Amino acid sequence: MSTDTKEVVCDDCHTVFHIRTARSYSGSSLGGSVSTLKTPRIKVIGTGGTIASKGESGSQTAGYHVDLTIEDLLSSIPDLSNVCELEYEQILNVDSKEFGEKELLMLHEAVSRSIRDDSFDGVVITHGTDTMEETAFLLQLTVNTSKPIVMAGSMRPSTAISADGPMNLYQAICVACNKESWNRGVLIALNDQIGSGFYITKSNANSLDTFKSVIQGYLGNIVNNEIHYFFPASKPTGIQYFELAPFPKVIVLYAHQGFDPQIVRLCASQLNVRGVVFATMGAGSLSKETNIELYKAWKEFGTPIVFSKRSMDGMVPIANLPRELEIEGKTVQFDGCMASGYLNPQKSRILLQLCLGASMKDRQIADIFKTLSFGG
């Protein structure tokens, strides 16, 4: 009697890399042909975050510490051997609040190397949720590929009752395996939802259903191992790619009632910043005094100013920019200010850094914001 069996073989049990190869055996138990199944091969890159954290009790959901490796996380998901072949690499094991230029460059190199490897069909990255949207946005603008890059994390540590990490990671790997995920850019898969890494943002500091892009919406969702995309494959409108260069110093300032405009001059003259992003009130509102100080910083130090917004959604239109200012009875042209469009302050900062790193001038930077986010 003919039987079909499936065997999972560990070809390499290196402490950093772990490869599983699936083979199918067709024929009788006494013999038969051996054929290799065409299963997706996925690279999983571990960087730490809550998904790799432990608490002291099942009810602890704050004050935990990163303590698990990517090997620990993958070994907790038994069904993965039925989904794909895996190779994993631990490049970092930190809370995402510790991500800076060094860490981003390390991750970018690992992702780029994996994408160039023709044996991989996709890349999954485990990452803390606090700054996941920033890393996703940077990768979207610096890694040009049709292969899926999927980011996964969690809002609860691994020791919590109903920890969300294992399912989030499992679903992210399933998304990376799915051919419908190609040509969609960087994706974030959390809490059964699939979002665009370009647009999505963390909207709640505590809840599982935290990643949102209210205006643009989700790209799809996951139900009982089924991946449902709502739209044909496409990348964000007007997407452009940058060479990753050393990050110029760009800061984010947060507007509020009674904001001291002298902070602007301090940043430009003493901190040697190359650019400023303002989380403005409303859709680009700042006090007249603050706008004047921004103009002076631009005029004296050549510091481009991006007007973003405090609110999670909505946009800053060009019409709200203070392109003309009255200073000491004279009308001056403030050409160094630009609107972020739909981009929030943290993503505007990354885009401004990439533009400055490419030696772009004010008009070129404004054109990039116009093309990518309807600002300018």
Side-chain angles (χ1 to χ4, degrees), residues 42-54 64-74 76-77 86-115 122-143 145 147-158 163-176 181 184-191 193-206 208-213 244 344 346-347 349-350:
I42 303 299
K43 178 68 170 288
V44 182
I45 300 173
T47 71
T50 297
I51 193 171
S53 296
K54 284 182 175 180
Y64 42 78
H65 303 285
V66 175
D67 194 42
L68 297 176
T69 65
I70 190 61
E71 182 177 10
D72 296 328
L73 297 177
L74 291 171
S76 70
I77 311 173
L86 282 180
E87 179 173 321
Y88 63 74
E89 180 181 3
Q90 186 86 53
I91 64 165
L92 295 162
N93 211 19
V94 298
D95 191 300
S96 68
K97 68 176 182 288
E98 303 297 341
F99 261 69
E101 181 173 345
K102 174 186 173 183
E103 291 74 20
L104 287 170
L105 290 173
M106 288 176 63
L107 178 57
H108 185 274
E109 190 280 329
V111 171
S112 299
R113 171 168 36 85
S114 302
I115 288 295
V123 174
V124 172
I125 304 164
T126 59
H127 194 290
T129 59
D130 285 355
T131 65
M132 181 183 288
E133 66 188 87
E134 294 171 67
T135 300
F137 186 75
L138 177 73
L139 292 174
Q140 177 64 79
L141 294 176
T142 57
V143 181
T145 181
K147 294 180 181 180
I149 299 173
V150 189
M151 302 193 70
S154 73
M155 292 297 291
R156 292 174 179 164
S158 64
D164 54 326
M167 180 58 85
N168 286 343
L169 179 53
Y170 173 76
Q171 290 183 340
I173 292 172
C174 291
V175 169
S181 300
R184 293 184 185 272
V186 178
L187 304 173
I188 291 180
L190 258 88
N191 202 45
Q193 309 292 350
I194 306 169
S196 165
F198 186 87
Y199 287 115
I200 208 161
T201 188
K202 187 173 182 178
S203 65
N204 189 295
N206 314 107
L208 302 187
D209 189 26
T210 179
F211 277 87
K212 310 273 188 185
S213 46
L244 197 59
N344 62 24
Q346 54 268 38
K347 292 184 180 182
R349 171 181 169 271
I350 292 169

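Note that the structure is a prediction, hence the values are computed from the model and not measured.
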Quick one: does any side-chain atom of [X] pair with a main-chain N or O of [Y] as donor and acceptor, under 3.5 Å?
X	Y	answer
Ser53	Gly49	yes
Thr50	Pro157	no
Asn93	Asp67	no
Ser112	Glu109	no
Asp164	Arg156	yes
Asp95	Lys97	yes
Thr210	Asn204	yes
Ser96	Thr131	yes
Glu103	Gly100	yes
Lys347	Phe198	yes

Can you tell if the side chain of [X] reaches within under 4.5 Å of the side chain of [Y], non-hydrogen atoms only?
X	Y	result
Val66	Val94	no
Ile70	Glu89	no
Glu134	Phe99	no

Would you give the length of the straight line joining atom [atom1] of [X] to atom [atom2] of [Y], rounded to the nearest 0.5 angstrom?
X	Y	atom1	atom2	result
Arg113	Ile91	CZ	CD1	8.0 Å
Ile200	Met151	CD1	CE	11.5 Å
Ile173	Lys43	CD1	NZ	13.0 Å
Ile45	Met106	CD1	CE	11.0 Å
Tyr170	Ile77	OH	CD1	9.0 Å
Leu73	Leu169	CG	CG	6.5 Å

**side chain to side chain contact (heavy atoms under 4.5 Å, CB included) between Ile125 and Leu139, intermediate numbers included** = CA-CA 11 Å; Ile125 304 164; Leu139 292 174; 3.7 Å; yes
**Message:** Applying salt bridge (Lys or Arg N to Asp or Glu O under 4.0 Å) to Glu133 and Lys202, what does each step give before you reach the verdict?
**Reply:** CA-CA 7 Å; Glu133 66 188 87; Lys202 187 173 182 178; over 6 Å; no
**Heavy-atom pair of closest approach, residues Ser158 and Lys54** =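 So the minimum-distance heavy-atom pair works out to OG-CG, 3.8 Å.
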**Prompt:** At their closest point, which heavy atom of Asn168 faces which heavy atom of Ser154, and how far apart are they?
**Reply:**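 Between these two residues, the closest heavy atoms are ND2-CA, 4.0 Å.
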**Message:** Between Lys212 and Ser203, do the side chains contain a donor N or O and an acceptor N or O under 3.5 Å apart?
**Reply:**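 Per modelled atom types, Ser203 and Lys212 side chains form no pair under 3.5 Å.
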**Request:** Determine, stepwise, if the pair Leu244 / Val143 fulfils side chain to side chain contact (heavy atoms under 4.5 Å, CB included).
**Result:** CA-CA 9 Å; Leu244 197 59; Val143 181; over 6 Å; no
**Item:** Partner of Ile42 by side chain to side chain contact (heavy atoms under 4.5 Å, CB included), out of Val150, Val175, Val124
**Value:**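 With Ile42 as partner, Val150, Val175, Val124 yield a single side chain to side chain contact (heavy atoms under 4.5 Å, CB included), made by Val124.
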**Prompt:** For Ile51, which of Thr129, Thr126, Leu190 qualifies under side chain to side chain contact (heavy atoms under 4.5 Å, CB included)?
**Reply:**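 Exactly one option meets the side chain to side chain contact (heavy atoms under 4.5 Å, CB included) with Ile51, and it is Thr126.
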